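A quick note: this is a predicted structure, and the numbers were derived from the prediction, not measured.
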Amino acid sequence: GKTWTPHLVATLPVETATIYPQIGLDAGGVQHVVWSAPDAKSNPVSYSFSRDHGLTWSKPVALNPGKVGWAPWIVGGTKAGTAAVVWLGSPDPKAASNKIAPWYFSYAKITLKGTHASWTGGNTTSTPLYEGKQTEPEFEMVALDKAGKLHLGMSVFLKTGTKSHWAGYPQDER
């Protein structure tokens, strides 16, 4: 901690309030980073990794292309080259705080194969947790157990009638 040297992961084309960059280190020393930022068509969650302690980074890829993802959170896996990500998301590519849209908790489990990342994922529920105008979320949380199962702490802004409130949800992968 005596010296620090910043290394650029990516540049973003526009300013955003949803970026929430997060970094995780897996058991093999690979760094994994995620963030959320708008592109020309949507607001995806982007991902990059570094195998050399952050000196160089892979080309960013969208984990949810053509969709909206906010407040991503990442954790490095218990095996080298693995990570898990969660976020508040919508399949509506134009979902925003001033637009009614369906909102889900979404996830991706990442595995590195050489210089490329592959992932599986989706939503944690088959129906939306909320349909309505969504404010930018607070932080989410993800943990992986030794079996590779996800344990999530997620938040969503709800409006029922004239009352608005935040709701927190713990979820465990089975």
Note, [X] side chain near [Y] side chain (heavy atom, < 4.5 Å):
X	Y	answer
Asp92	Lys99	yes
Ser58	Thr115	no
Leu112	Arg51	yes
Tyr169	Leu152	no
His165	Thr160	yes
Lys133	Phe157	no

Do any N or O atoms from the side chain of [X] and from the backbone of [Y] form a donor-acceptor pair under 3.5 angstrom?
X	Y	result
Trp103	Gly132	yes
Gln31	Gly54	yes
Glu131	Ile100	no
Lys109	Gly148	yes
Asn123	Thr125	no

Partner residues of Leu12 under the side-chain contact (heavy atoms from CB on, under 4.5 Å) criterion, sequence neighbours left out:
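With sequence neighbours excluded, Leu12 shows a side-chain contact (heavy atoms from CB on, under 4.5 Å) to Ile19, Trp35, Ala37, given in chain and number order.
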Could you tell me which residues satisfy side-chain contact (heavy atoms from CB on, under 4.5 Å) with Pro65, sequence neighbours excluded, listed by chain and number?
Ala62
Around atom [atom1] of [X], are there more than 12 heavy atoms from other residues, nucleotides or ligands closer than 6.0 Å?
X	atom1	answer
Lys159	NZ	no
Lys94	NZ	yes
His7	NE2	yes

Indicate if [X] and [Y] have the same hydrophobic cluster label, given that clusters are the connected sets of ILVMFWY residues with side-chain heavy-atom separations under 4.5 angstrom.
X	Y	answer
Ile110	Val75	no
Tyr47	Trp87	yes
Phe105	Trp73	yes
Val61	Tyr107	no
Leu144	Val85	no

Under the side-chain hydrogen bond (donor to acceptor under 3.5 Å, both in side chains) definition, can you give me all pairs with a residue in residues 143-154, not counting sequence neighbours?
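Only Asp145-His151, His151-Asp172 qualify under side-chain hydrogen bond (donor to acceptor under 3.5 Å, both in side chains).
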How long is the span from the [atom1] atom in [X] to the [atom2] atom in [Y], to the nearest 0.5 Å?
X	Y	atom1	atom2	answer
Thr135	Leu158	OG1	CG	12.0 Å
Ser36	Asn64	OG	CG	8.0 Å
Asp39	Ser46	CG	OG	7.5 Å
Gln134	Leu129	CD	CG	9.5 Å

Which of parallel (below 30°), tilted (30 to 60°) and perpendicular (above 60°) describes Phe49 and His32?
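Answer is tilted, since the angle falls between 30° and 60°.
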Val33/Trp57 under side-chain contact (heavy atoms from CB on, under 4.5 Å): CA gap, chis, key distance, verdict:
CA-CA 9 Å; Val33 66; Trp57 291 89; 3.6 Å; yes
For [X] versus [Y], what's the shortest heavy-atom pair and its separation?
X	Y	result
Val45	Pro72	CG1-CB, 3.8 Å
Lys67	Ser42	O-CB, 3.3 Å
Ser97	Trp70	N-CH2, 3.8 Å
Ala101	Ala95	CB-CB, 3.7 Å
Ser48	Pro60	CB-CA, 4.4 Å
Pro91	Pro102	CD-O, 3.9 Å

Distance-only side-chain donor-acceptor flag, Asp52 / Ser50, under 3.5 Å
yes
